[in-house]
*Asks:* 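Following this message is one structure expressed as structure tokens.
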Amino acid sequence: MRLKLVPQNTSFDFFSRWKLWLGLSALMIIVGMASFAYQGLNFGIDFRGGTTVRTESPQPVDVAAYRAAMDPLGLGDVSITEVFDPTFGDDENVAMIRIQAQEGAESVTAQVVNDVQAALQGHDPEIKFISVESVGPKVSGELVQTAVLAVVLAIGAVLVYIWLRFEWQFALGAVAALVHDVALTIGIFSELQIKFDLAIIAALLTIVGYSLNDTVVVFDRVRENLRKYKKKDLKDVLNISINETLSRTVMTSVTTLLALISLYVLGGDVIRGFVFAMIWGVIVGTYSSVFVASAILLYLGVKRDWSKPSNTAGNQYADIDA
Amino acid sequence: MLQIDTWKRVLIWLVCVTGLLMALPNAFYTRVEQSNDAIAEIELKGETPERLILAEQWPAWMPSSLVNLGLDLRGGAHLLAEVKVEDVYASRMEAMWPEIRDALRPERATVGTIRLQQSPADEIRVRISQPEGMSRAVEVVRGLARPIQTLTGAGSTDIEVSGQGDILTVRLSDAEKLASDDRTVRQALEIIRRRIDEVGTREPTIQRQGADRILIQVPGIGSASELKAIIGTTAQLTFNPVVSRGTDANAVAGVGNELIPSIDETGVFYVIEAAPVVTGEELVDAQPSFDQNGRPAVSFRFNTSGARKFGDYTRDNIGSPFAIVLDNEVISAPVIQSHIPGGSGIITGNFTVEESTNLAVLLRAGALPAGLEFLEERTIGPELGQDSIDAGKVATIVAFVAVLVFMALSYGLFGLFANVALIINVGLIFGLLSTIGATLTLPGIAGIVLTVGMAVDANVLIFERIREELKTAKGPARAIELGYEKALSAILDANITTFITAVILFAMGSGPVRGFAITLGLGILTSVFTAIFVTRLMIVIWFERRRPKTIEV
């Protein structure tokens, strides 16, 4: 007997309350953006400059003592957090120390790093510094620009591609879903104050890619069904298309989530934030391809008179042979 | 109906086998790495029995390229340095002054006496006592300009000369500044490369980034500070005439002169002429040695033009002191005892043996043309890298097994086909990564895991489509055929859009992010290939053998 997550033939009505779903999405975006505006993202040093030191010691991490040891250095804003991870052994007590970019220093000062290391070694002679990263304010400013540009470019390129392959309504629907996913991801990072660094930008772009993948599959079926059922309401065609692809949507989401969750649990703390972003992205991306992209398509309406004749194969790639 | 030409079948299997073969060395990473290192050493330093044993750990006829591990996996240091290109302008202008002086001297009748004036570092101002002669002075100095070759500034020259009242101003032209910046960065890059090579670490990455930046990544080095110590020193060696020696840190040096401290006599300052007699650029060799008292020293030799300048200067200035200046500190200021014609000499100072060895290395590699400012530095300990590799390995295997089991449960036999394709897929990714010499980073591992999850998508699309077609189509063969045909446009559209984002990530990202983009992009290519060719071929072969009347997907 086969494992079936979705019954063979489904006929859920995804659009009976489509305005409600769109409204809900809009509300979540507003909450996310309000959180973003109110407390902002917890930017890593990639984006705001500064230094992070990762320490490891057989002794337990004593945040207060670390702080006391570093206080005399007068480094301004210093945050110390203990890192827990199931992959650590008993003698691995890890802490992350983040020091703000030092006033007036354009480049990275080795002095600060040396002072910090000496101060902490005074407290705990067994402490090891397993990674030290410093980013100057000049570079971090540019990294922010590049990151924003990358996300905007990706969304723009996709808009153009879908526009060329489908119709502009599809492109708008897909892009609305993308913006929705990116906004919600930024929202949750701001709400939970998870460290937001360069890797998260990579995750954001992957979410863009994944969500799009999903949206395109649904749209591809919509396009095919628009030719097949010329008389049916757009709403019915959308419903049929989503139901027909539902099994695939669920299957792919589940395999991807299986892979990501094992990475989240076992992959170590260094990439946990990155993987979290992707897991979140897969979930909202799957949701958005139905409840945002398709709903927008329904709202905008589409041209029903496809000039291309519908043949059995139904698309221009049909002649490609193995 | 379900037919694939024989040559296509051969080609598909050939691609798979080649890919897997290229990926194979990675399964024996340490062994192959040791073997590769040993082979490189044998070529460089000759054969020894130990090296031969190491080299023979991996058969020579097998492919031996490995996936490069990124810094975050191997540990090491990363630096992003900005070359202070403006530094060069000042020294260019300093070197101009004797030329201008010599050019204007014969014109004394028209321009009168000339005096160097205070000016910003990137220009020279000369006061002439007869302002009426300014046009002639400008003309003469313009004659010193050299044409430069650039893409945009055809016909432009390296200096701009202007006269205002009795002040003649010479500055570098914008075109020359651009050309000079480019030269400076390229020179700095080359010197950094030479210095790192002299220390002999493996596989360093030294790349130019943007107009004036250099990215340096050295795996296996202890810390970024160590790396900075090797490359951060300018090692600008010059020989300058000494004007005076004193203990006043605020002494007025006078125009065209410079006040600099002594390196080992605290509180002693020298006033020297800013324009050097000879510079370290004209050194052809520098070796650590000992002076006649047995103290560590560095012996050096000039090239022909350096030797001539040095010879002429020592001949003309017997009895006066000259300063050996390293990075704006006087190492020593001996008095010239006699004419030194041969162009070789010895630098003494309070060196330790290690310092004299280092100085010799730096002098041999050449001076950095300009200072470096470090904008970004990262040190990743090897333990952290190893932890990440271990965690990544476990996570990948678990993800892999979970997806394999899930696919088999969902699609039965067809799921097994997809699983074989998935295994081939990951093999192909590693094969491609090794072949193109790409770097695997921690986010890159995440990219592979993500690909494992997403690669089945194409197969899922096809299988679901076959299920649908089975309901309507005549017979299983037709259903399979239609399933592949109709799923194709969705597969291509979906993967092309994801590929677009991977390309943008690659173009805009750096370091680990770029590593992620590479594995994601390659993963898309290989997963499309395995889905539409490999699984199809497997299904067709199975179908031909069994000829089932009904199929269950």
Side-chain angles (χ1 to χ4, degrees), chain A residues 2-3 54 87 106-108 110 128 130-136 138-139 146 149-150 153-154 157-158 161 165 198-199 201-202 205-206 208-210 212-213 216-217 220-221 244 247-248 251-252 254-256 258-260 262-263 266-268 270-271 274-275 278 313-315 317-318 320 322, chain B residues 4 8 80 224-225 228 373-381 383-384 387-388 391-392 394-395 398-399 402-403 406 409-410 412 442-443 446 449-450 452-454 456-457 460-461 464 468 485-486 488-490 492-494 496-498 500-502 504-505 508-509 512-513 516 520 532-533 536:
Chain A
R2 294 291 157 77
L3 176 72
R54 187 181 165 101
T87 59
E106 184 49 69
S107 63
V108 176
K128 282 190 292 181
I130 49 181
S131 83
V132 179
E133 306 191 37
S134 293
V135 177
K138 198 176 197 169
V139 175
T146 324
L149 190 63
L153 259 184
V158 160
Y161 181 80
R165 291 279 294 135
L198 262 188
I201 297 293
L205 284 181
T206 317
V208 167
Y210 183 88
L212 206 63
N213 198 316
V216 166
V217 169
D220 185 76
R221 188 59 70 98
E244 280 176 353
S247 171
R248 173 267 161 194
M251 278 295 299
T252 301
V254 168
T255 54
T256 309
L258 272 179
L260 287 176
S262 79
L263 195 59
L266 303 167
V270 181
I271 50 168
F274 177 70
V275 178
M278 293 208 283
N315 63 69
Y317 293 120
I320 296 177
Chain B
I4 301 179
K8 278 185 188 161
L80 181 66
S225 345
K228 264 162 59 173
E373 185 168 31
F374 294 101
L375 303 179
E376 201 183 311
E377 57 176 270
R378 298 172 197 261
T379 309
I380 294 113
E383 310 96 327
L384 185 61
D387 286 353
S388 296
V394 175
V398 171
V403 172
F406 184 74
L409 287 178
S410 301
L442 187 53
V449 174
L450 184 72
V452 169
M454 286 174 69
V456 292
D457 181 53
V460 169
L461 273 167
E464 293 291 333
E468 281 176 48
E485 261 177 23
K486 292 198 177 172
L488 194 61
S489 84
L492 288 180
D493 277 338
I496 287 171
T497 42
T498 315
I500 291 175
T501 56
I504 289 175
L505 254 188
M508 316 280 296
V513 175
F516 174 74
L520 186 68
I532 61 184
F533 295 115
R536 184 172 189 173

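Protein chains get the first letters and strands the later ones, always in sequence-line order, with residue 1 at the start of each. When reading the values below, keep in mind they use all heavy atoms of this one structure, side chains included, and skip hydrogens, waters and symmetry mates.
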*Asks:* Looking at Val452(B), Leu461(B), Val394(B), which one has more heavy-atom pairs under 4.5 Å with chain A than the rest?
*Replies:*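 Looking at each of Val452(B), Leu461(B), Val394(B) in turn, Leu461(B) comes out on top.
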*Asks:* Which residue out of Val398(B), Asp457(B), Thr498(B) racks up the most heavy-atom pairs below 4.5 Å with chain A?
*Replies:*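 Top option by heavy-atom pairs under 4.5 Å: Asp457(B).
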*Asks:* With sequence neighbours excluded, tell me which residues meet side chain to side chain contact (heavy atoms under 4.5 Å, CB included) with Ala399(B).
*Replies:*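 For Ala399(B), the residues satisfying side chain to side chain contact (heavy atoms under 4.5 Å, CB included) (neighbours in sequence not counted) are Ala259(A), Ser262(A), Val449(B).
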*Asks:* Pick from Val456(B), Leu520(B), Leu450(B): which one has the most heavy-atom pairs with chain A under 4.5 Å?
*Replies:*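 So the answer, after comparing Val456(B), Leu520(B), Leu450(B), is Leu450(B).
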*Asks:* In terms of heavy-atom proximity below 4.5 Å to chain A, should Asp387(B) be classed as side chain, backbone, both, or neither?
*Replies:*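 For Asp387(B), the side chain is the part near chain A, not the backbone.
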*Asks:* Contact part of Ile500(B) toward chain A, heavy-atom cut-off under 4.5 Å: side chain, backbone, both or neither?
*Replies:*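 Side chain only.
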*Asks:* Using a cut-off of under 4.5 Å for heavy-atom pairs, which of Gly412(B), Gly392(B), Ala502(B) has the most such pairs with chain A?
*Replies:*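 Top option by heavy-atom pairs under 4.5 Å: Gly412(B).
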*Asks:* Mind checking side chain to side chain contact (heavy atoms under 4.5 Å, CB included) for Ser410(B) and listing every partner two or more places apart, or none if nothing turns up?
*Replies:*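 Residues passing side chain to side chain contact (heavy atoms under 4.5 Å, CB included) with Ser410(B): Leu3(A), Met251(A), Phe406(B).
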*Asks:* Please lay out, stage by stage, how Arg378(B) and Val135(A) fare under the test side chain to side chain contact (heavy atoms under 4.5 Å, CB included).
*Replies:* CA-CA 8 Å; Arg378(B) 298 172 197 261; Val135(A) 177; 3.4 Å; yes
*Asks:* Taking Ala154(A)'s backbone N and O only, do any of them form a donor-acceptor pair with Thr501(B)'s side chain (distance below 3.5 Å, no angle check)?
*Replies:*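 Looks like no, no N/O pair under 3.5 Å.
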*Asks:* Rounded to the nearest 0.5 Å, what separation is found between the OG atom of Ser131(A) and the CG atom of Leu384(B)?
*Replies:*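 CG of Leu384(B) is found 5.5 Å from OG of Ser131(A).
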*Asks:* Of all of Val270(A), Leu153(A), Thr256(A), which one pairs up most often with chain B through heavy atoms under 4.5 Å apart?
*Replies:*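 So the answer, after comparing Val270(A), Leu153(A), Thr256(A), is Thr256(A).
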*Asks:* So which of Val275(A), Leu260(A), Val217(A), Thr252(A) has the largest heavy-atom pair count under 4.5 angstrom toward chain B?
*Replies:*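 Between Val275(A), Leu260(A), Val217(A), Thr252(A), the count favours Thr252(A).
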*Asks:* Would you call Glu383(B) and Lys128(A) a salt bridge, taking side-chain N to carboxylate O under 4.0 Å as the test?
*Replies:*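 Looking at Lys128(A) together with Glu383(B), the answer is yes, because their closest N to O distance falls below 4.0 Å.
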